[in-house]
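Here is the structure we will look at, set down as structure tokens.
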Amino acid sequence: MAVRTRFAPSPTGYMHIGGMRTALFNWLWARKNKGTFILRIDDTDQQRNIDAALGPILDAFRWLGMDWDEGPEVGGPNGPYFQSQRRSLYDAALQKLLTSGHAYRDFEPPAETQAQRELAEKEKRVYVSSRASLAITADEVAAKVAAGDQFVIRLKVPRGEKVVINDHVRGTVEWDCSLMPDPVVARSDGSPLYNFATVVDDAALDITHVIRAEEHLSNTPIQVLLHRALGNKTPEWAHIPYVAAPGSKEKISKRKIEQYRKNPMFQKLFELGDSVLSRLGFDAKSDALSPVMVAYYQQVGFIPAGILNALVRLGWSYDDQTEILSRSEMIQKFSLDRVIKSAAGLDPDKMISFQSHWMGQLTAAQKLDGVLPFLKQAGLIDDTQSAQTRDYVAQVIDLAGDRLRIFGDIFQLDEFFVADDQVVRDEKNFAKRVVSSESAIANLETLQESLATISEFKAQPLHDMLQSFLTERSLKPGDLFPALRLCLTGKAQGADLFRTLELLGRDRVLTRLKKSLSDARAIKAG
RNA sequence: GGCCCCAUCGUCUAGUUAGGUCUAGGACAUCGGAUUUUCAUUCCGGUAACAGGGGUUCAAAUCCCCUUGGGGUCACCA
């Protein structure tokens with residue numbers, strides 16, 4: 001039977017990074033087996049604006065190139081793919097359950113049920129449903145329903161039985177039905193609850209493999225029972241570990257951002273993100289974008305290949321060597337039996353490492369297309385179409401080399417895009433290497449003339465000239481280069497100094513050097 | 001608390017199904033060294049783990065039991 005998997009997000013307005021990993025495993029399993037990957041929207045209790053809440057989720061799938069065969073926008077033979085539009089299916093299944101006696105109307109007031117639950121807990125007893133409503137005759141039930149009495153429909157759990165599953169990841173897991181309360185499957189008005197709608201839809205969509213996070217393991221016995229009561233063939237299960245916060249075993253959560261900011265393992269990512277985001281005009285401190293969301297990575301300039309590679313290695317491995325996997329290699333090599341059982345903490349360092357690798361695989365043209373929107377949004381360039389601008393940016397990117405791990409790293413070379421009097425200066429290092437060094441100032445002043453007169457303002461001649469400048473004066477590179485860099489770029493570190501000079505060009509170099517030296521003297525004077 | 005799941009370097013993991021070839025392998029991070037007369041890369045090397053205790057066995061990271069620890073879930077949410 002052809003493999004059919006699904007990912008069923010609730011429209012929450014953002015795509016969770018952990019959810020994306022679950023979706024990836026589903027997608028991979030379907031693609032590997034030449035099966036079908038379905039997107040179904042679990043919006044049974046939503047009154048919110050579905051379009052606005054679903055958009056970011058579909059965007060995340062599109063960004064990562066995870067296409068779906070059936071679902072929103074693309075449709076399919078089993079639609080509609082929104083649970084809110086599948087009510088007739090749930091109604092029919094509910095009728096079936098009621099007439100077959102697998103489910104019953106429970107008229108017990110919620111407060112009463114709650115009280116029983118609490119009492120059981122206090123007496124350290126296992127709570128199971130009282131089933132008092134089962135004593136009511138069919139006629140009385142009909143009368144109550146006609147009278148508009150409130151009730152709830154519960155599945156009648158077959159006490160005494162056991163539910164056993166053979167999970168692809170966890171092996172045999174079993175539950176004792178005698179310990180389970182009867183789960184509510186629908187409300188008085190017939191509106192279905194999660195477990196029920198899921199089972200009806202998984203069956204209707206012929207889902208062969210339910211691949212989901214471990215947190216759903218406790219829902220599984222209920223769903224198995226529901227499938228049985230409905231006479232469905234139960235799907236195969238694979239409960240994958242959830243994605244944990246870096247360095248922890250706790251499920252990563254949107255509500256804990258503040259806590260994550262203090263997490264040392266998260267630090268680097270936050271610093272990276274904050275600096276890029278603030279350049280782009282986002283309030284970096286707000287939680288509107290955070291590393292828990294897929295959109296965050298897109299916004300700061302990660303590329304799909306990097307994210308995909310990082311996600312696939314979270315809880316899954318091919319062997320003891322393979323770390324780098326392209327999309328097609330993942331599809332070819334993925335398997336459920338190599339999914340690990342324990343929770344996998346997100347590893348920001350490794351994420352950046354994968355990202356660097358895949359960024360390095362991009363062509364110059366691809367990098368240019370990736371970087372341009374960032375510069376534009378930050379107001380560092382005006383026209384992304386102009387040939388002159390594109391050529392210049394391409395040169396900066398080439399100069400950046402491996403320093404460009406994410407597109408947002410281009411801002412670390414902002415000295416190439418700002419006016420000469422707008423260069424942001426690292427004052428601390430400027431004071432140390434320029435202001436407080438009499439010889440550095442003197443040398444740089446002398447150097448101005450050579451820079452002004454050198455015939456060819458290119459990296460190699462500049463390198464040769466500077467080199468002999470050092471030799472003639474018995475200077476070490478460290479005596480001059482850092483100071484020169486600080487004067488031109490404001491930074492203590494950066495790309496190749498000689499190519500930086502060339503790209504900046506004679507005019508900007510002289511203007512900046514002059515200004516920096518006069519600033520240095522002013523600072524020194526007090 | 002009930003039910004369920006999990007447990008190898010700081011982190012992601014290989015090895016556990018078929019016990020020996022594991023003085024436990026790889027990657028990221030980290031630390032040293034070389035290269036790059038700046039910076040980043042690259043290269044070489046180092047530090048670093050089987051949660052604890054009992055068994056079974058000639059032999060256990062691998063099998064069994066217990067303990068401890070961590071986590072998930074307990075809705076008329078999804």
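Source: prediction; values computed, not measured.
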Integer-rounded Å distance: rC4(B) P and Trp237(A) CH2: 18 Å
Grab the N/O contacts between the protein and nucleotides 42-52 of chain B below 3.5 Å, and write none if there aren't any.
none

How many Å lie between CG on Asn309(A) and P on rC12(B), as a whole number? 16 Å
For the residue pair His168(A) and His209(A), is the inter-centroid distance of their aromatic rings smaller than 6.0 Å? yes
Rounded distance in Å between the P positions of rC63(B) and rA14(B): 15 Å
In terms of side-chain geometry, is the basic nitrogen of Arg154(A) or Asp182(A) positioned less than 4.0 Å from the acidic oxygen of its partner? no
Quote, to the nearest angstrom, the P distance that separates rA27(B) from rU42(B). 13 Å
With sugar-phosphate taken as primed atoms, P, OP1 and OP2 and all else as base, the protein-contact string of nucleotides 64-76 of chain B at under 4.0 Å (heavy atoms; B, S, -) is ------SSSS-SB
Counting any heavy atom closer than 4.0 Å, what does Arg125(A) reach on the DNA or RNA strands: base, sugar-phosphate only, or nothing? nothing
With heavy atoms under 4.0 Å as the rule, sort Gly315(A) into base, sugar-phosphate or nothing. sugar-phosphate
Residues at least two apart in sequence or cross-chain that pass side-chain hydrogen bond (donor to acceptor under 3.5 Å, both in side chains) with Asn26(A), listed by chain then number, are none
With a 3.5 angstrom cut-off on both distances, give the Watson-Crick or G-U wobble partner of rA60(B), or none if there isn't one. none
Within the structure shown, what part of the strands sits under 4.0 Å from Gly494(A) by heavy-atom distance: base, sugar-phosphate, or nothing? base
Reckon Ile340(A) touches a base, only the sugar-phosphate, or nothing at all at heavy-atom distances under 4.0 Å? sugar-phosphate
Do Asp42(A) and Arg40(A) sit within salt-bridge range, that is, some charged N less than 4.0 Å from a carboxylate O? yes
From C-beta outward on Lys341(A), which listed nucleotide comes closest to its side chain: rU38(B), rA14(B), rC6(B)? rC6(B)
Taking atom types as modelled, find out whether Asn443(A) and Thr446(A) have a side-chain donor-acceptor pair closer than 3.5 angstrom. no
Nearest whole angstrom, please: distance from the P of rA40(B) to the CG of Leu413(A). 14 Å
Counting any heavy atom closer than 4.0 Å, what does Leu314(A) reach on the DNA or RNA strands: base, sugar-phosphate only, or nothing? sugar-phosphate
When the C1' atoms of rC5(B) and rC31(B) are considered, how many whole Å apart are they? 37 Å
If you look only at pairs with a residue in residues 472-490 of chain A, which of them pass as a side chain to side chain donor-acceptor pair (under 3.5 Å), with sequence neighbours excluded? none
Qualifying residues under salt bridge (charged side-chain N to carboxylate O under 4.0 Å, His left out), relative to Arg506(A), sequence neighbours excluded: none
Whether Glu415(A) and Arg512(A) form a salt bridge (side-chain N of Lys/Arg under 4.0 Å from carboxylate O of Asp/Glu) is what I want to check. no
Atom P, compared across rU17(B) and rC64(B): separation rounded to whole Å: 9 Å
Exam field: side chain Ser516(A) to backbone Cys487(A), donor-acceptor pair closer than 3.5 Å: yes
Under 4.0 Å between any heavy atoms, over every strand shown, what does Arg405(A) touch: base, sugar-phosphate, or nothing? Just pick one. nothing
Are Arg338(A) and Asp319(A) within salt-bridge range, i.e. N to O under 4.0 Å? no
Partner nucleotide, any strand, of rC50(B) [Watson-Crick/G-U, under 3.5 Å]: none
Inter-nucleotide C1' distance (rG10(B), rU47(B)), Å rounded: 12 Å
Short question: side chain of Tyr242(A), backbone of Glu250(A) - any donor-acceptor pair under 3.5 Å? no
Within the 6.0 Å centroid threshold, strictly below: Phe407(A) and Phe302(A): no
Contacts of Asp402(A) and Met265(A) projected onto RNA chain B by closest heavy atom; the upstream (5') one is Met265(A)
Report the relative orientation of the aromatic rings in Phe61(A) and Trp68(A); use parallel for angles under 30°, tilted for 30 to 60°, perpendicular for over 60°. perpendicular
Please give the nucleotide sitting opposite rC74(B) as a Watson-Crick or G-U wobble pair, both distances under 3.5 Å, or none. rG1(B)
d(NZ, Lys122(A); C1', rG2(B)) in whole Å: 17 Å
Taking atom P of rA14(B) as reference, at what distance in whole Å does atom CH2 of Trp316(A) sit? 10 Å
Taking the same atom, P, in rC66(B) and in rC74(B), what whole-Å distance lies between them? 27 Å
Salt-bridge present (Asp167(A), Lys341(A); N to O < 4.0 Å): no
Round to the nearest Å and state the distance from Asp398(A) atom CG to rU41(B) atom C1'. 14 Å
How do Pro9(A) and Thr471(A) order along RNA chain B: which one's closest nucleotide is nearer the 5' end? Thr471(A)
Identified pairing partner of rU38(B), criterion: Watson-Crick or G-U wobble below 3.5 Å: none
Distance in angstrom units between Asn263(A) CG and rU11(B) P, rounded: 12 Å
Output one letter per nucleotide in nucleotides 18-33 of chain B: B when a protein non-hydrogen atom lies under 4.0 Å from the base, S when only the sugar-phosphate is that close, - when neither is. -------BBBSS----
Taking the same atom, P, in rA29(B) and in rC44(B), what whole-Å distance lies between them? 15 Å
Atom pair distance, as rounded to whole Å: CG in Asp496(A) and P in rU38(B): 10 Å
Within the structure shown, what part of the strands sits under 4.0 Å from His239(A) by heavy-atom distance: base, sugar-phosphate, or nothing? nothing
On a whole-Å scale, what distance lies between the C1' atoms belonging to rG53(B) and rA78(B)? 42 Å
Which part of the nucleic acid, if any, lies within contact of Ala344(A), taking any heavy atom under 4.0 Å across all strands shown: a base, the sugar-phosphate backbone alone, or nothing? sugar-phosphate
